[in-house]
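So the structure is just underneath, and the comments pick up after that.
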Amino acid sequence: MRRFVVPVDMKDIVALCKRRGFIFPASDIYGGLNGFWDFGPLGVELKNNLRDRWWKAMVITPPLGPDGAPVDIVGIDSAIIQNPKTWVASGHVGGFSDPMVDCKETKKRYRQDHLIVLTSEKADRWPAFHEESENADMEKKLKKLGMPSDLSLFEKINLTKLPIEDYAKIIGPDTKEPGTLTEPKEFNLMFETHAGPIQSEENKVYLRPETAQGIFLNYKNVLDSTRVKMPFGIAQIGKAYRNEVNPRNFIFRSREFEQMEMEWFCHPDEAKMWQEFWFEERTKFWKSVGLGSDNLAMRPHDSDELAHYAKQGLGTSDIEYKFPFTAPGYGELEGIAHRCDFDLKSHQEHSGVKMEYLDPARDNERYIPHVIEPAAGLTRGVLALICEAYTVDESRPSGVYLNFTPAMAPKKAAILPLTAKEEHVPIAQKLYLELREEFPVDLDIKQNIGKRYARQDEIGTPYCFTIDNDTIEDQTVTVRERNTMAQERIHLDKVSNYLREKMKG
RNA sequence: GCGGGCGUAGUUCAAUGGUAGAACGUCAGCCUUCCAAGCUGAACACGUGGGUUCGAUUCCCAUCGCCCGCUCCA
């Protein structure tokens, strides 16, 4: 068998996803909607498989901790819309709604409150500078502009204090001409809506930009209703919404996406140990669903890209995947962040509810636990699975096949009567009805066998069971393996066992 | 958000100021005892809205969407 290593083009992957029913543009018949995508019949199976595997790995069969005992994790499913105070406490309302101004000439964007302007009654041109600019730099630029370079002639005023009418006089920090700055625009990445039919400021609410806060909001409820003790985790899978400035790269950065997040609560002294522990576990997870180690990368965040909550602690480490559109670089799949006690502390302050934990294992020490957060993108995970599985093979009729692991494949097997004649079909139907009780399987009767194998290759079905004349004689079927196209015969009674065995891989 | 490119069947493409063709897929029938995506047939498209014009899929404008680069990315 010949295989060609061809650079994978996202266009081909997107086309296959649509053609075979993995992923469609949202509201396709109306021309789509930027940043939104729908999962088709096969896409939803694939997504559910990844989702269920995560839930199992976290909630049903969580790993053994460093002491050899299974760690404690429970699941929740919180509302997408919560009391808006949640997002004030989390920092999403205050910190990320800073008005920005653009420079029409240089295309640079500045936070409005970061610019100071040298104003003067006598001047008709007012140079603007970044607030951290040195006096010497300002004098230099004034000279360049042919203006008096004596700073005492000017009054430094923050851009937020100046009316829009004055913008015509302002010279942007990186240009020489006045009037290039646009009026400030609000940038808030949270979707807003209203709870209740009245569209007023009082009932404004937000669609959650991350599932994590729903977990922090329920931290006390979980402690009071279950028997978890420190350290423990709360896991959640669900949709989140961000008004991305620029959705890009298929479903990689979309405005509606799905997260799989677990908040691990522990004593502050153990944060480092647990962050390393979860980083290892999460890496194993992505490998186990079929992401080859060649395309996976682990990377600690640089300090300047850390989220507001992670600045104080041990930072964030990413698990990244080499997508076709990021190659040779990588795109984030999951971040394992040390959120310190930022969230619980902030909710304690804003809500007035005590978040302290009284730890009997530590001489009744009271503390607000630190949080290690493995936060993975389910949507991104699905994309990574598809990209990883996409294999060009010009030697086979389909020209391409999806090399999903059996456990992730949306269809585990296809049952194919060799001919559509009377003898083969009833046996196939019987096998199909039996198998579908346990596995998502396809029954495909029409057209020649080669065509049907090709079809299954393209959707990544790992096994095809073919019923022929020998089946009638000796009750055996042909198993055809997707990757090798090799065939073997097994007894009809062995088929479910065969599949069950393969699913473990 | 900025700049550039592109929007014709499900997909990949073609042609044209006088309303469109192919390949593959899909569906139906035939054929087929294991990959020849076979044979025959059928259905299906000019992203949307304006403008110019006797007439626009074609030219112009806007809008929406997609791709690339920059920007952004809790």
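First the proteins, then the strands, lettered A, B, ... as listed; each starts at 1.
A45(B) and U11(B) have their P atoms separated by 13 Å, given to the nearest Å. Comparing A23(B) with C60(B), their P atoms sit 32 Å apart, to the nearest whole Å. Rounded to a whole angstrom, the distance from the P atom of U57(B) to that of C46(B) is 10 Å. Taking the C1' atoms as reference points, U48(B) lies 23 Å from U12(B), given to the whole Å. For the C1' atom pair drawn from U19(B) and U58(B), the interatomic distance equals 11 Å after rounding to whole Å. Look at the C1' atom in both A62(B) and G7(B): the space between them is 15 Å, to the nearest Å. Comparing C13(B) with G49(B), their C1' atoms sit 27 Å apart, to the nearest whole Å. G47(B) and G55(B) are spaced 22 Å apart, taking the C1' atom of each and rounding to whole Å.
One interatomic measurement links the two molecules: CG of Asp444(A) to C1' of U26(B), which rounds to 12 Å at whole-angstrom precision. In this structure, Arg255(A) places its CZ atom 11 Å from P of C64(B), rounding to the nearest Å. The CD atom of Glu210(A) sits 16 Å away from the P atom of C73(B) (whole-angstrom rounding). We find that CG of Leu189(A) is positioned 13 Å from P of C72(B), with the value rounded to whole Å. When rounded to the nearest whole Å, the span between CZ of Arg253(A) and P of C66(B) equals 14 Å. Between the CG atom of Asn243(A) and the P atom of G1(B) there is a distance of 10 Å, rounded to whole Å. When the C1' atom of U11(B) is taken as reference, atom CG of Asp28(A) falls 13 Å away, rounded to whole Å. For the pair Phe191(A) CZ and C73(B) P, the computed distance is 17 Å after rounding to whole Å.
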Checklist entry - Reading RNA chain B 5' to 3', what string of ( ), [ ], | and . shows its pairs, if Watson-Crick and G-U wobble pairs count only when both distances fall under 3.5 Å? => result (((((((..((((....[..)))).(((((.......)))))....(((((..]....))))))))))))....

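Aromatic rings of Phe250(A) and Phe252(A) (six-membered ring for Trp) have centroids beyond the 6.0 Å cut-off, not under it.
Rounding to the nearest 0.5 angstrom, the gap separating the CD1 atom in Ile73(A) from the CZ atom in Phe265(A) is 11.0 Å.
Note on Phe250(A): only backbone sugar-phosphate atoms sit closer than 4.0 angstrom, heavy atoms only; bases stay farther off.
Taking the centre and axis of the six-membered ring of Phe24(A), the NZ or CZ atom of Lys18(A) falls outside the cone set by 45° and 6.0 Å. Annotation: cation-pi geometry not satisfied between Arg20(A) and Phe22(A) (NZ/CZ under 6.0 angstrom from ring centroid, within 45° of ring axis). Relative to the ring axis of Tyr401(A), Arg396(A) places its NZ or CZ within 45° and under 6.0 Å from the centre. Remark: Arg480(A) qualifies as a cation-pi partner of Tyr453(A) under the 6.0 Å distance and 45° angle criteria applied to the six-membered ring.
Residues Ile234(A) and Ile215(A) approach most closely at O-CD1, 3.4 Å, considering heavy atoms.
Between G29(B), U32(B), G3(B), one nucleotide has an atom nearer to the side chain of Lys446(A) than all others, and that is G29(B).
Distances shown here put every side-chain N or O of Asn249(A) at or beyond 4.0 Å from the OP1 or OP2 atom of C66(B). Taking side-chain N and O atoms only, Lys11(A) has no distance below 4.0 Å to OP1 or OP2 of C67(B).
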Checklist entry - Which is it for Lys47(A) and Glu258(A) under the salt bridge (Lys or Arg N to Asp or Glu O under 4.0 Å) test, yes or no, and what are the steps along the way? => result CA-CA 10 Å; Lys47(A) 178 157 76 74; Glu258(A) 209 158 348; 2.8 Å; yes

Next on the checklist: For Glu276(A) and Lys272(A): C-alpha separation, side-chain torsions, deciding distance, then whether salt bridge (Lys or Arg N to Asp or Glu O under 4.0 Å) applies.
Outcome noted: CA-CA 6 Å; Glu276(A) 285 164 7; Lys272(A) 185 171 162 56; 3.2 Å; yes

Checklist entry - Can you give one letter per nucleotide of nucleotides 34-48 of chain B, 5' to 3': B if a protein heavy atom sits under 4.0 Å from the base, S if only from the sugar-phosphate, - if neither? => result BB-BB----------

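Residues meeting the salt bridge (charged side-chain N to carboxylate O under 4.0 Å, His left out) test with Lys411(A), sequence neighbours left out: Asp442(A).
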